[in-house]
Asker: 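Structure below; questions to follow.
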Amino acid sequence: MFLTTVNSTLPKIVAVTLTLFITVFASATFAEEKEFAEQRVVLQISDSDPFKQTLVLNVANNLIKHYGPDQVALEIVAFGPGLRLLFKENSNDKRIQSLSASGVRFSACSNTITAMTKQLGSPLVLNEHAIKVSAGVVRILELEQKGYNLVKP
Amino acid sequence: MTMMMRMTKKKMTCLAAGAVMMGGVITTTNAANWLMLQGTEPAGSAPRAKIWGFIQTQYQKDYSDANANNQYVPPKLIGPGLTSQSQFNVNRARIGVRGTGFPLDPNVNYFLLAEFGKNAITEAASGAVHVTDASITLNHIKGARLRLGLFKYPGAEEALQAIHVFDYINFTNVTNQLLLERFQSSISVNDVSDVPPQTLPAQQSLNGFDRPVGAFRDVGLQVFDTFGINDWEHSYAIMYGNGNGLNDGDNDDNKDLYVYLSSERVFDGQGPRREGLKMFAWHQTGQRSFDGDGDGQVEEYDRDRSGVGVKYLQKPFRFTAEYMTGEGMIFNGPDKPTFGLVPPSAGNPNHPANGLNQEASGFTVEGGWYIPGTKWEIDARYDIYHRLEGNTGAYELEFKTLTLGTQYHFNKKARLTINYEIREAEAVKFGNEPPPPPNPNINLKDVDNRASIQVTHIF
C-alpha cells in the first residue's frame, strides 16, 4: 500500500521538482519576467542589414520610453544573420547594455551560433547580455503563446 | 479585447514608424576620428559591401586681371585645365564600396574609391578614372590596427578630413601649395622648362604636369588605433609609404614616414560631424629624387612637413586653426616644374628662388556658425602662406586669402556651398613699380578675387 502510494506520487514529485527547477533556472538565465507589464513584445531581428540593428534597438527604446520600463516586457530574439547584433564587439554594445539595464532581454539562437561557429572556424563570442535559446524561431513561438506580440521592424 | 489588440498594434506601428524616422537620423558610421572613420568599419554591423559616393559640381569665376602684356598666370585661371577664368565643372564624382567581406569576422575590412570627376587627379591622365583609395585594414591586434594599400596619410586636418564634408570649395593656399604634392613629369631639370604666362586662349598648357597630384594619399602601411578614456579619445598613427602619391609603384627607393597624434574631448554625436575639441600634431619626412642642377646625376632632396592644429565643433559654432611648415621640395606653381621661380634659379637648387632646398610656412583659421532653426550656415576663413621664406627670403611670396562663405543644407546628404575669396599675392621683397624683370609682382599684383558655387550630394 505504502509502495503503491509512493509509486503513484513519485512521478508527481519529480514533475513538480522539475517544474520548480526549470522555473528557477529560467529566472536565473533571463531577466525577471514582468508579470504586471501592460504590454508584452518580442522583437525579431534576422536580417543582415546593419540599419535593421539600429532600427530594432530604436523600437525597443521607443517602447520603453512610451510605456515605462516596468510596464513593458520586451525581448529581442536574434537569429540568422541578425545574430550579429549580439556579437561581443558589436558597435551597438553600449545601447544593448543600456536597454538590458531597463529590463530588455536578448535571446541568441543556438542553431545560428553553431552554424556561424562552423563558418568562422573559431568560437563565437557573444555580448554578455545575450542568453542562448535552443532556436530563435521556437523562442518567438513560445513567447507568442505567453501573450507576446511579435514585431519585425 | 479585440479593440485593445487593435489599439496595441496601432501603437506598435506608430512606435516602429518613429523608430524608422529616428533610424534615419542616427548615422551608423563609426563614432570616431578620421583615422577610424576612413580605416575601419563598425564592428558587428558593417555590411559586406556598402556602395557609396558623392558628386560635386561647381561654377567658379576669377576676377583677376591680366598683366601688362595681356597674359595670365595660373593663380588667375580656373583649374585643373588653367585655360579660362570661368568654368562649370564636375570637379568630383566618386563612387566606392566599403565593408567587411566576411561579416562574421569584424577583424578585417576594406575601402575602395574611384574618382570620375575632372580635377588634378584625373586631369593629368586626360580625364581617365583614377583609383584614389584601395585599402585593407586588419584589426586583430588591439592598439595596433594595420591598414595596407592606398589611402590618405595621417596629417593636417584640412587634408585628412573627408572632402565631401569639407566646408569650403577651394583649399587654403598653404594646403594647396605646401601639402598637395605635385609630381613632376621628369626627374631632370633639363627635361622640363618654364611655361611663360599665356594670353587667352592659351597656346600652351600652363599645367606642366602629366602625373596626378598626391591628393594627400600614399601607398604603404599604417599602424594606428584610438583609445577612449572617459570623454577623451587619444589616437596615433604611424605610416610608412612610397612617397609617390597616387602614382603606380615607387619611382625611387626612398620611403616616406608619417607620424600623427591627436587627443579629442568628445562632446556628442558620431561620424564626420561629431562634436568635440580636438588637438593634433603631425610630421612627415621623405626624400625626392631629382636632377635639380642639371648635371645628369639625380640628387636626393629632403621633403619634410610638420603641423599642429585644433578643431572645435559644438553647434552652432565651429572653429579650426592650423599651422604648418615645410622644408624642401617647395612647389613654385604649375608652370614651373623646375622648382625655379625665376630663370636664374632653374638648375641652381640653392638659389633663393628655387624651391628644392627652400622653406615655407602658413596658417589658417576658420569658423562656422550654424544658424539655429535654419538650414543655413555661415563660414569664414583666413589663410596665409609664406613661400620661399628660408635662406635670405629674397624671393618670398606671400599669399593671403579671406574666404567668406555660406552653406545651405538641403538635407544631411545634400548641400549648396557659396564662397567668395578675397585674395592677395605678393613677392614681399619686391615693389610693384617699376617692375624690373624678373619681378614676380608683374604677375602677382593683379591676382584678384574669386567667386564659386558648388552643390554636393552624398549617396
Asker: Only counting residues at least two apart or in another chain, list the ones meeting side-chain hydrogen bond (donor to acceptor under 3.5 Å, both in side chains) with B:Q161.
Answerer: none

Asker: When the side chains of residues 135-149 of chain B are checked against the rest of the protein, which donor-acceptor pairs come out under 3.5 Å, sequence neighbours left out?
Answerer:
{"unit_1": "B:S135", "atom_1": "OG", "unit_2": "B:R147", "atom_2": "NE", "d": "2.9"}
{"unit_1": "B:S135", "atom_1": "OG", "unit_2": "B:R147", "atom_2": "NH2", "d": "3.1"}
{"unit_1": "B:T137", "atom_1": "OG1", "unit_2": "B:G39", "atom_2": "O", "d": "2.6"}
{"unit_1": "B:N139", "atom_1": "OD1", "unit_2": "B:R145", "atom_2": "NH1", "d": "2.8"}
{"unit_1": "B:N139", "atom_1": "ND2", "unit_2": "B:N107", "atom_2": "O", "d": "3.3"}
{"unit_1": "B:N139", "atom_1": "ND2", "unit_2": "B:N109", "atom_2": "OD1", "d": "2.8"}
{"unit_1": "B:R145", "atom_1": "NE", "unit_2": "B:D225", "atom_2": "OD1", "d": "2.8"}
{"unit_1": "B:R147", "atom_1": "NH2", "unit_2": "B:Q38", "atom_2": "O", "d": "3.1"}

Asker: Check B:R98 with B:E41, please: is the shortest side-chain N to carboxylate O separation under 4.0 Å?
Answerer: yes

Asker: Ion pair present between B:D167 and B:R318, side-chain N to carboxylate O less than 4.0 angstrom?
Answerer: yes

Asker: Please enumerate all residues that pass salt bridge (charged side-chain N to carboxylate O under 4.0 Å, His left out) together with A:D93, with sequence neighbours excluded.
Answerer: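 With sequence neighbours excluded, A:D93 shows a salt bridge (charged side-chain N to carboxylate O under 4.0 Å, His left out) to no residue whatsoever.
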
Asker: Which residues in residues 112-122 of chain A have any heavy atom lying under 4.5 Å from a heavy atom of chain B?
Answerer: A:M116, A:Q119, A:L120

Asker: Below 4.5 Å, heavy-atom pairs only: which of A:K88, A:Q53, A:K52 has the largest tally toward chain B?
Answerer: A:Q53

Asker: Tell me whether the count of non-hydrogen atoms from other residues, nucleotides or ligands lying under 6.0 Å of CG in B:N230 goes above 12.
Answerer: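 Atom CG in B:N230 is not crowded, with 12 or fewer foreign heavy atoms closer than 6.0 Å.
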
Asker: Decide yes or no for A:V77 and A:L143: does some side-chain heavy atom of the first lie under 4.5 Å from some side-chain heavy atom of the second?
Answerer: yes

Asker: Measuring heavy-atom distances to chain A, does B:P47 have an atom under 4.5 Å in its side chain, in its backbone, in both, or in neither?
Answerer: both

